[in-house]
Amino acid sequence: MAYQGFTQEYLGIPAVTRAYTTACVLTTAAVQLEFITPFQLYFNPDLIFRKFQIWRLITNFLFFGPLGFSFFFNMIFLYRYCRMLEEGSFRGRTADFVFMFLFGGFLMTLFGLFASLFFLGQAFTIMLVYVWSRRNPYIRMNFFGLLNFQAPFLPWVLMGFSLLLGNSIIIDLLGIAVGHIYYFLEDVFPNQPGGKKLLLTPGFLKLVFDTPEEDPNYNPLPEDQWGQGRESAVL
């Protein structure tokens, strides 16, 4: 019964969130069990373009370090905000969500070509958090029960927390920058005088991922009811 309950709960996770978080957990497990090493996963332009180790373009987004506080912290945020985006503003628009993944990953990879960044998963998580926070500006957040703030400040609070832990904030800044570029091109610029939608999801993605059915009885998550002054705990 417990196994069936777990399976049902797991299959209830939206497809993109389920696939990405599962890939991250399995990659970390494979490293912990020494089936592979981080040296086979990290972003290395020379090995990618000269040795044709193309998988590194993907695996550098899947490894968040060894099991520990940092790994679980990142997994919680990745799962939480990826799922809220997919079930909220991207509900019924899986192709658009996948396209955001591809767009964000592409920009981060371009930056990685000119900087010594080996793993970009944390930056990707911050990008998801940033987009969610800007689309839910009136949500009140609570960080570890110590700090209260509005949702748009969440990425900056996480960056400050990362700084307190002694980590470099370059990754966090990259995630914020890419998240802002996506948010501006998708949500801001099209609504400006003379603006237009520049990020157009390719038709083949819509053909593969989007389904025509929509549940008429669906009620949006509290976090995605825009304009509501609700409160949400970060952790």
So with a 6.0 Å cut-off around CD of Glu9, is the heavy-atom count from everything else above 12? no

Measure the spacing between CD1 of Ile169 and CE of Met159 and express it to the nearest 0.5 Å. 4.5 Å

Less than 4.0 Å between a side-chain N and a carboxylate O, is that true for Glu87 and Arg91? no

Testing the basics here: between Ile54 and Ile48, what is the closest heavy-atom pair and its distance to 0.1 Å? CD1-O, 3.8 Å

Would Cys24 and Leu78 count as a side-chain contact (heavy atoms from CB on, under 4.5 Å) here? Give the steps. CA-CA 10 Å; Cys24 293; Leu78 171 61; 3.9 Å; yes

Which residue pairs satisfy the salt bridge (charged side-chain N to carboxylate O under 4.0 Å, His left out) criterion with at least one member in residues 146-164, sequence neighbours excluded? none

So, does Trp55 use its side chain to make a donor-acceptor pair with the main chain of Gln40 at under 3.5 Å? yes

About how many Å separate CD of Glu186 and CZ of Phe103, when rounded to the nearest 0.5 Å? 9.5 Å

side-chain hydrogen bond (donor to acceptor under 3.5 Å, both in side chains) against Thr17, all qualifying residues, sequence neighbours excluded: Glu86

Under 4.5 Å between any side-chain heavy atoms of Phe118 and Pro38, yes or no? no

Please examine the side chains of Lys197 and Leu185, heavy atoms only from C-beta on, and report whether any two atoms are closer than 4.5 Å. no

So do Thr28 and Phe63 actually touch side chain to side chain, heavy atoms under 4.5 Å? yes

With a 6.0 Å cut-off on the ring centroids, do Phe101 and Phe124 count as close? yes

Only one of Phe73, Trp156, Phe77 forms a ring-ring contact (aromatic ring centres under 6.0 Å, His included) with Phe161, so which one is it? Phe73

Is the shortest heavy-atom distance from the side chain of Phe111 to the side chain of Val178 under 4.5 Å? no

Within the supplied structure, the quantity of interest is the number of heavy atoms (other residues, nucleotides, ligands) at a distance under 6.0 Å from Ile58 CD1; does it exceed 12? no

Answer whether the closest heavy-atom distance between the side chains of Leu174 and Leu117 falls below 4.5 Å. yes

Show the nearest heavy-atom pair for residues Pro155 and Ala151, with the distance to one decimal. CD-O, 4.0 Å

If I compare all heavy atoms of His180 with all of Tyr130, which pair ends up nearest, and what's the gap? ND1-OH, 2.7 Å

Can the ring centres of Phe64 and Phe71 be said to be less than 6.0 Å apart? no

With heavy-atom distances below 4.5 Å as the criterion, would you say the side chains of Leu158 and Ser162 are in contact? no

Please name all residues satisfying side-chain hydrogen bond (donor to acceptor under 3.5 Å, both in side chains) with Lys196, sequence neighbours left out, ordered by chain then number. none

How long is the span from the OH atom in Tyr182 to the CG atom in Leu199, to the nearest 0.5 Å? 6.5 Å

Is the closest side-chain heavy-atom distance between Val31 and Thr37 below 4.5 Å? no

Linked, directly or transitively: Phe106 and Leu113 (ILVMFWY side chains, under 4.5 Å): yes

Does a sphere of radius 6.0 Å around CZ in Phe69 hold more than 12 heavy atoms from other residues, nucleotides or ligands, not counting ones at 6.0 Å or beyond? yes

Has the side chain of Arg18 got a donor or acceptor atom that lies under 3.5 Å from a matching backbone atom of Leu11? yes

Euclidean distance, Leu62 CG relative to Thr21 OG1, rounded to 0.5 Å: 11.0 Å

Go through the steps to decide whether Ile139 and Gln150 satisfy the test side-chain contact (heavy atoms from CB on, under 4.5 Å), and finish with yes or no. CA-CA 6 Å; Ile139 302 295; Gln150 298 295 107; over 6 Å; no

Would a single hydrophobic cluster contain both Leu164 and Leu147, if residues Ile, Leu, Val, Met, Phe, Trp and Tyr are joined by side-chain heavy-atom contacts under 4.5 Å? no

Taking a hydrophobic cluster as the set of Ile, Leu, Val, Met, Phe, Trp and Tyr residues connected by side-chain heavy atoms closer than 4.5 Å, whether directly or through intermediates, do Met100 and Val129 fall within one such cluster? yes

Give the intermediate values and the outcome of side-chain contact (heavy atoms from CB on, under 4.5 Å) for residues Ser89 and Trp132. CA-CA 9 Å; Ser89 58; Trp132 177 87; over 6 Å; no

Do the side chains of Arg134 and Asp187 get close enough for a salt bridge, i.e. N-O under 4.0 angstrom? no

Does CZ in Phe153 sit with more than 12 non-hydrogen atoms of other residues, nucleotides or ligands closer than 6.0 Å? no

Establish whether Ile171 and Phe119 are linked, either directly or via other cluster members, by ILVMFWY side-chain heavy-atom contacts under 4.5 Å. no

With rounding to the nearest 0.5 angstrom, report the CZ to CD1 distance, Phe189 to Ile181. 14.0 Å

Closest heavy-atom contact between Phe72 and Leu67? CZ-CD2, 4.2 Å

Just do the side-chain contact (heavy atoms from CB on, under 4.5 Å) check on Leu102 and Leu205 with the steps written out, would you? CA-CA 11 Å; Leu102 297 176; Leu205 289 180; 4.1 Å; yes

Which value, rounded to the nearest 0.5 Å, describes the distance between Ile170 atom CD1 and Gln122 atom CD? 12.0 Å

Check: Tyr20 ring centre within less than 6.0 Å of Phe61 ring centre: no

Atom of Ile126, atom of Asp172 and distance for their closest heavy-atom approach: CG2-O, 3.7 Å

Side chain to side chain donor-acceptor pair (under 3.5 Å), that's the test. Do Thr201 and Asp96 meet it? Break it down for me. CA-CA 6 Å; Thr201 303; Asp96 293 337; 2.5 Å; yes

Minimum heavy-atom distance Leu41-Thr59, with the two atoms named: O-OG1, 2.8 Å

Pi-cation contact, Tyr42 with Arg56 (under 6.0 Å, within 45°): yes

Quick check: does any side chain N or O of Asn44 sit under 3.5 Å from a backbone N or O of Leu47, one acting as donor and the other as acceptor? yes

Would Val98 and Leu198 show up in the same hydrophobic cluster when neighbours are defined by side-chain heavy atoms closer than 4.5 Å? yes

Are any non-hydrogen side-chain atoms of Phe43 and Leu57 less than 4.5 angstrom apart? yes

